[in-house]
Amino acid sequence: MRPSTSGATRGGILVLLFLIAAVLPGTGIARQAALPPVSILMVAAASVDGDPDNFIVHRSTPPFPSTTVRTTLGVLVVKKAAVPAGPVTYVPILYYHYIRINPNPSDHVGFGLSTPPAAFRAQMQYLADHGFHVISLHQAVGAIQHHSALPSRPVVLTFDDGYADFFTAAVPILQSHGFTATSFVVSGRMGWGGYMTPNQIVAADGMGFTIGAHTVDHVALTAQAPARAIWEIKQSKLTLEGLLGHPVLDFAYPYGSFNLFDMAQAKSLGFETAVSTLPGTWHSATQLFELSRLRIGGGLLLASFAHVVGGPPPTSAELAIGL
């Protein structure tokens with residue numbers, strides 16, 4: 001017969017085990033140290049090309065230091081969008097980054113962010129062939145806010161970061177179909193290599209494309225101190241409004257990183273809407289500052305694109321365009 005263990009002895013063993021677990025990492029009991037505020041490493045220098053009025057230098061320096069880290073992710077926050085409350089409006093809001101052939105085959109992040117021009121052309125042709133109505137983000141917001149009707153098969157096109165190939169590669173294709181789009185510009189990177197110059201941004205605005213704000217330095221807002229987050233949102237708006245000469249009403253959270261504080265700041269600073277990277281196609285008036293979008297990235301087959309926008313399978317002729 002085994003000797004019995006007294007209740008006091010068992011209790012002492014449990015306390016000892018708990019104390020051991022409390023100091024071991026990864027047990028879920030020990031308190032994790034808070035991560036310091038971070039921003040994204042800036043690796044390029046501003047250029048004066050296309051900036052004869054020296055507009056690039058007309059921006060404030062943030063009144064606080066920040067820790068810089070490298071990131072290996074195109075999107076830091078990936079989670080499911082909240083279920084919309086109240087009346088809802090269906091409209092897919094797509095978002096792109098680069099319209100280019102990824103120059104470095106070993107750069108997997110760059111590949112995921114790069115839609116080749118031929119693929120983009122095939123996608124836009126598909127939308128035109130199947131009766132999709134490409135509407136502005138502003139029109140979509142109005143319909144979501146008032147739950148008003150939209151054209152059949154509505155879709156919104158957005159482009160993040162303000163890369164130069166939006167102007168050189170995407171705009172000519174969009175114009176050939178009479179499509180509109182919103183380009184979210186990182187104001188502190190205007191004129192950097194690979195980014196649009198101030199003149200290109202003004203030209204795109206003059207063509208009828210919408211220019212939105214995407215912070216000054218493309219930082220993950222939730223990792224910043226409140227003062228830095230406010231400055232990033234506010235200064236990007238002021239800089240672009242100074243360049244364009246009219247209000248900038250649309251904002252995009254870099255890396256999909258935002259919280260209730262950031263949403264409140266975007267609203268109080270005069271933005272009409274703010275878009276996230278949360279996937280979804282149904283929107284309500286309560287979500288104007290966390291609108292969901294659908295990411296279009298590298299390697300997406302045309303048949304998959306058709307599924308994303310809710311259309312029929314592409315024809316063999318359409319598939320041939322994207323080859």
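For reference, positions follow the sequence shown, starting with 1. Every value quoted in this text rests on a predicted model; they were computed, and no experiment measured them. Computed from heavy atoms alone, side chains included, the values below leave out hydrogens, waters and symmetry copies.
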Legend entry - Parallel, tilted or perpendicular: ring planes of Y126 versus F305, cut at 30 and 60 degrees: perpendicular
Inset, instruction - Measure the shortest side-chain to side-chain distance between R295 and L113 over non-hydrogen atoms and say whether it is less than 4.5 angstrom. - result: yes
Inset, instruction - Taking the side chain as every heavy atom from C-beta outward, state whether W231 and V216 have any atom pair closer than 4.5 Å. - result: yes
Inset, instruction - Classify the angle between the aromatic ring planes of F166 and F159 as parallel (below 30°), tilted (30 to 60°) or perpendicular (above 60°). - result: tilted
Legend entry - Modelled atom types, side-chain donor and acceptor of S257 and T222, under 3.5 Å: yes
Inset, instruction - Indicate if M207 and V156 have the same hydrophobic cluster label, given that clusters are the connected sets of ILVMFWY residues with side-chain heavy-atom separations under 4.5 angstrom. - result: yes
Inset, instruction - Taking all non-hydrogen atoms of both residues into account, name the closest pair between S236 and S187 and its distance. - result: CA-OG, 3.4 Å
Legend entry - S284 vs Q145 side-chain heavy atoms within contact, under 4.5 Å: no
Legend entry - Side-chain ion pair, K267 and D262, N-O less than 4.0 Å: no
Inset, instruction - For E290 and Q287, indicate whether the former's side chain and the latter's backbone hold a donor-acceptor pair under 3.5 Å. - result: no
Legend entry - Exercise: do T197 and N199 side chains pair donor with acceptor under 3.5 Å: no
Inset, instruction - Indicate yes or no for a side-chain donor-acceptor contact from S292 to the backbone of G280 under 3.5 Å, with no hydrogens or angles considered. - result: yes
Inset, instruction - Determine, using the 4.5 Å side-chain heavy-atom cutoff (strictly less than), whether L127 and L300 are members of one ILVMFWY cluster. - result: yes
Inset, instruction - Answer yes or no: is there a donor N or O on one side and an acceptor on the other, between the side chain of S268 and the main chain of Q265, under 3.5 Å? - result: yes
Legend entry - V186-L244 co-clustered via ILVMFWY side chain contacts under 4.5 Å: no
Inset, instruction - Evaluate side-chain contact (heavy atoms from CB on, under 4.5 Å) for F261 paired with I230, printing each intermediate quantity in order. - result: CA-CA 9 Å; F261 176 83; I230 293 171; 3.7 Å; yes
Legend entry - Connected hydrophobic set around F111, excluding itself, where side chains approach under 4.5 Å: none
Inset, instruction - Indicate, with yes or no, if the rings of F209 and F167 have centres closer together than 6.0 Å. - result: no
Inset, instruction - Among Ile, Leu, Val, Met, Phe, Trp and Tyr joined by side-chain contacts under 4.5 Å, find the other residues sharing a cluster with W282 and list them by chain and number. - result: V88, Y90
Legend entry - Sidechain-backbone polar pair: R153 side chain, H130 backbone, donor-acceptor under 3.5 Å: yes
Inset, instruction - Could you tell me which non-hydrogen atom of M196 sits nearest to which non-hydrogen atom of S183, and how far apart they are? - result: CE-OG, 3.5 Å
Inset, instruction - With the side chain counted from C-beta on, respond yes when I233 and F251 share a heavy-atom pair under 4.5 Å apart, and no when they do not. - result: yes
Inset, instruction - Tell me, please, whether F271 has K237 positioned over its six-membered ring: NZ or CZ under 6.0 Å from the ring centre and within 45 degrees of its axis? - result: yes
Inset, instruction - Compare all side-chain heavy atoms of M263 with those of N259 and state whether any distance is below 4.5 angstrom. - result: no
Inset, instruction - Given side-chain contact (heavy atoms from CB on, under 4.5 Å), test T210 with L137 step by step and report yes or no. - result: CA-CA 8 Å; T210 300; L137 181 58; over 6 Å; no
Legend entry - Partner set under side-chain hydrogen bond (donor to acceptor under 3.5 Å, both in side chains) for H177, not counting sequence neighbours: none
Inset, instruction - Look at the side-chain heavy atoms of Ile, Leu, Val, Met, Phe, Trp and Tyr, link any pair under 4.5 Å apart, and say whether L302 and I101 land in one connected group. - result: no
Inset, instruction - For the pair H218 and Y255, name the ring-plane relationship: parallel under 30°, tilted 30 to 60°, perpendicular over 60°. - result: perpendicular
Inset, instruction - Taking atom types as modelled, find out whether T158 and R293 have a side-chain donor-acceptor pair closer than 3.5 angstrom. - result: yes
Legend entry - Main-chain N/O of S152 paired with H133 side-chain donor or acceptor, under 3.5 Å: yes
Inset, instruction - Tell me yes or no: between the side chains of D250 and H138, is some donor less than 3.5 Å from an acceptor? - result: no
Inset, instruction - Verify, without hydrogens or angle tests, whether S276 (side chain) and L291 (backbone) share a donor-acceptor contact under 3.5 angstrom. - result: yes
Legend entry - Trace of the side-chain contact (heavy atoms from CB on, under 4.5 Å) decision for H283 with I93: CA-CA 10 Å; H283 317 273; I93 303 174; 3.9 Å; yes
Inset, instruction - Look at the side chain of E232 and the backbone N and O of D217, then say whether any donor-acceptor pair between them is shorter than 3.5 Å. - result: yes
Legend entry - Backbone of H147 reached by a side-chain donor or acceptor of T89 within 3.5 Å: no
Inset, instruction - Examine L249 and V185 and state if one hydrophobic cluster contains both, with Ile, Leu, Val, Met, Phe, Trp and Tyr joined whenever side-chain heavy atoms are less than 4.5 Å apart. - result: no
Legend entry - side-chain contact (heavy atoms from CB on, under 4.5 Å) between Y95 and T277, worked out: CA-CA 8 Å; Y95 71 105; T277 58; 3.5 Å; yes
Legend entry - Within-4.5 Å side-chain heavy-atom neighbours: M190 and T239: yes
Inset, instruction - Decide whether D165 and Y163 meet the rule of one side-chain donor and one side-chain acceptor closer than 3.5 Å. - result: no
